[in-house]
Structure formats: structure tokens, C-alpha cells
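Remember, predicted model here, so these are calculated numbers, not experimental data. Residue numbers count from 1 along this sequence.
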Amino acid sequence: MAQHQLDALDKKILRLIAEDARIPFLEVARECNVSGAAIHQRIQKLTSMGVLIGSQFLINPEMIGYETCAFIGLSLKNPEDYDKVVDGIKQIPEVTECHFTTGGYDLFIKVYAHNNHHLMNIIHDKLQPLGLAQSETIISFHNSVNRSLPIVDIPEVYLHR
């Protein structure tokens, strides 16, 4: 992979857009004391480097009827079926994250459901048929911290990838 380094301008841009993804590039340019074209070029560079991986609007699940958030640890009957199981999980719209993990589970997923009954149906009707040996569900009562990683002093080793 090519060697890239984030300079002070890159870090300032990242801080500003991480704080408010809807901030206009011209406002970022004013804050950084550079031209709008320079900001546009830097954003393109950061995207092509893989530092920025997209932008999106975040939807509050509760406001659209998804009142139950759960984390589910999944153990597979046959770990060789990992790819097939992940492909099946991708077809379940209520699953918003899926992680391949160490520890007691093969996979760890985040699920939103309308209520506990809906969650039970997701587990029984959509997840179990994928080939699970077992699952363990943890329901979240409240998300106390939800943020992006801060743009602070990034160790040099990560700037040269």
C-alpha cells in the first residue's frame, strides 16, 4: 500500500467533518484558512486513502418504531459455513452490524427490533435456520456513549500505511 501521511490540515478537516458531517466545504475552508478547492481535493485524497469511508444520515431507530436493541453472540454448528452464514445475515435488514470475533462466539451482531416479540421472531425464524449451534442475546436498555473515534495525535505508524 502507498505511503501516506496526514498533516495538520488533514487532521483539522477530519475534526471538523467528524463533528458535523453536514458542514459546508466553504465553512471548512474558512476554518482552515484555505480555498474551497483545497478542501475538496483533501476530502478526495482522504477518501481515496481509505481514511474517509463514506457519509450518511443517521436514523434514530426508536423514532421509526424499533424500540429494542440487542447484541447477539452466535456460535456456528459448522465454522466452515462462516461465509454462508454471513451472507444470510446480510439478508436480515434488522441486523445493523456483524463482527467476526474471538472468545466464546464466532460472530457478534447488533439487531434492532420493534419489540421483544419481534426480536424473538428474528432469532427463531431468521437466525436459527442459518446453522447456529447456539446464541446468546443481550438487550440494551440505553446507549450511553455513541461517537466516532476522536481525531487526536495519531501515532506515526498509522500515518504511513
Side-chain angles (χ1 to χ4, degrees), residues 1-64 66 69-76 78-113 122 126-127 130-132 135-138 140 142-161:
M1 185 177 286
Q3 299 287 312
H4 297 286
Q5 184 165 350
L6 299 181
D7 61 17
L9 178 57
D10 292 327
K11 290 178 186 179
K12 187 166 188 177
I13 292 167
L14 289 172
R15 280 187 200 98
L16 289 166
I17 65 174
E19 188 175 297
D20 178 8
R22 298 179 73 182
I23 188 172
F25 282 2
L26 287 177
E27 190 173 329
V28 174
R30 276 193 295 278
E31 290 281 331
C32 295
N33 205 24
V34 297
S35 71
I39 296 301
H40 184 72
Q41 289 174 337
R42 291 293 183 116
I43 295 289
Q44 285 183 321
K45 177 188 92 167
L46 292 166
T47 301
S48 68
M49 288 171 55
V51 174
L52 292 174
I53 54 175
S55 62
Q56 60 189 356
F57 286 102
L58 300 176
I59 297 169
N60 181 342
E62 286 186 35
M63 297 303 292
I64 59 169
Y66 289 85
C69 174
F71 297 90
I72 306 174
L74 307 175
S75 297
L76 307 181
N78 295 313
E80 303 83 37
D81 291 339
Y82 171 82
D83 291 331
K84 182 184 77 138
V85 172
V86 170
D87 287 342
I89 288 171
K90 288 178 182 177
Q91 302 306 310
I92 304 171
E94 296 90 350
V95 176
T96 60
E97 294 182 32
C98 178
H99 301 266
F100 181 45
T101 61
T102 62
Y105 308 114
D106 297 306
L107 298 164
F108 200 72
I109 63 174
K110 182 177 183 181
V111 177
Y112 284 98
I122 293 168
K126 296 179 179 183
L127 289 171
L130 296 177
L132 303 183
S135 65
E136 181 178 354
T137 303
I138 301 166
S140 170
H142 175 71
N143 182 351
S144 301
V145 177
N146 186 12
R147 62 181 173 213
S148 293
L149 285 172
I151 305 303
V152 293
D153 293 329
I154 302 168
E156 277 295 310
V157 67
Y158 295 106
L159 301 179
H160 298 287
R161 290 192 160 191

Parallel, tilted or perpendicular: which fits the ring planes of F108 and F71, with parallel below 30° and perpendicular above 60°? parallel

Gap between atom CG of D81 and atom CG of L130 - 0.5 Å precision: 10.0 Å

Just to verify, what does D10 make a side chain to side chain donor-acceptor pair (under 3.5 Å) with, not counting sequence neighbours? R42, K45

CD on E27 to SG on C32, rounded to 0.5 Å: 10.5 Å

Are more than 12 heavy atoms, taken from residues, nucleotides or ligands other than I53, located less than 6.0 Å from that residue's CD1 atom? no

State the CD1-CD1 distance between I39 and I13, to the nearest 0.5 angstrom. 3.5 Å

What pair of heavy atoms forms the shortest contact from E31 to K12, and how long is it? O-NZ, 2.9 Å

In short, S75 meets G104 closest at the heavy-atom pair OG-O, 3.5 Å

Could you pull out the closest heavy-atom pair between I23 and L16, with the gap in Å? CG2-O, 4.2 Å

Backbone N/O of L9 and side chain of D7: donor-acceptor pair under 3.5 Å: yes

My understanding is that only residues two or more places apart in sequence, or in another chain, count here; which of them pass side chain to side chain donor-acceptor pair (under 3.5 Å) with Q91? none

What pairs meet the side-chain hydrogen bond (donor to acceptor under 3.5 Å, both in side chains) rule with one or both residues in residues 102-113, with sequence neighbours excluded? Y105-E136, K110-Y112

Check whether more than 12 heavy atoms from other residues, nucleotides or ligands sit under 6.0 Å from atom CD of E19, and answer yes or no. no

How far does CD1 of I92 sit from CD1 of I109, to the nearest 0.5 angstrom? 6.5 Å

Under a 4.5 Å cut-off applied to non-hydrogen side-chain atoms, are I43 and V28 in contact? no

For a 4.5 angstrom cut-off between non-hydrogen side-chain atoms, does V85 reach N78? no

As an exercise, state the distance from CG of L76 to OG of S135, rounded to the nearest 0.5 Å. 11.0 Å

Do I72 and I138 make a side-chain contact, defined as non-hydrogen atoms from C-beta onward lying under 4.5 Å apart? no

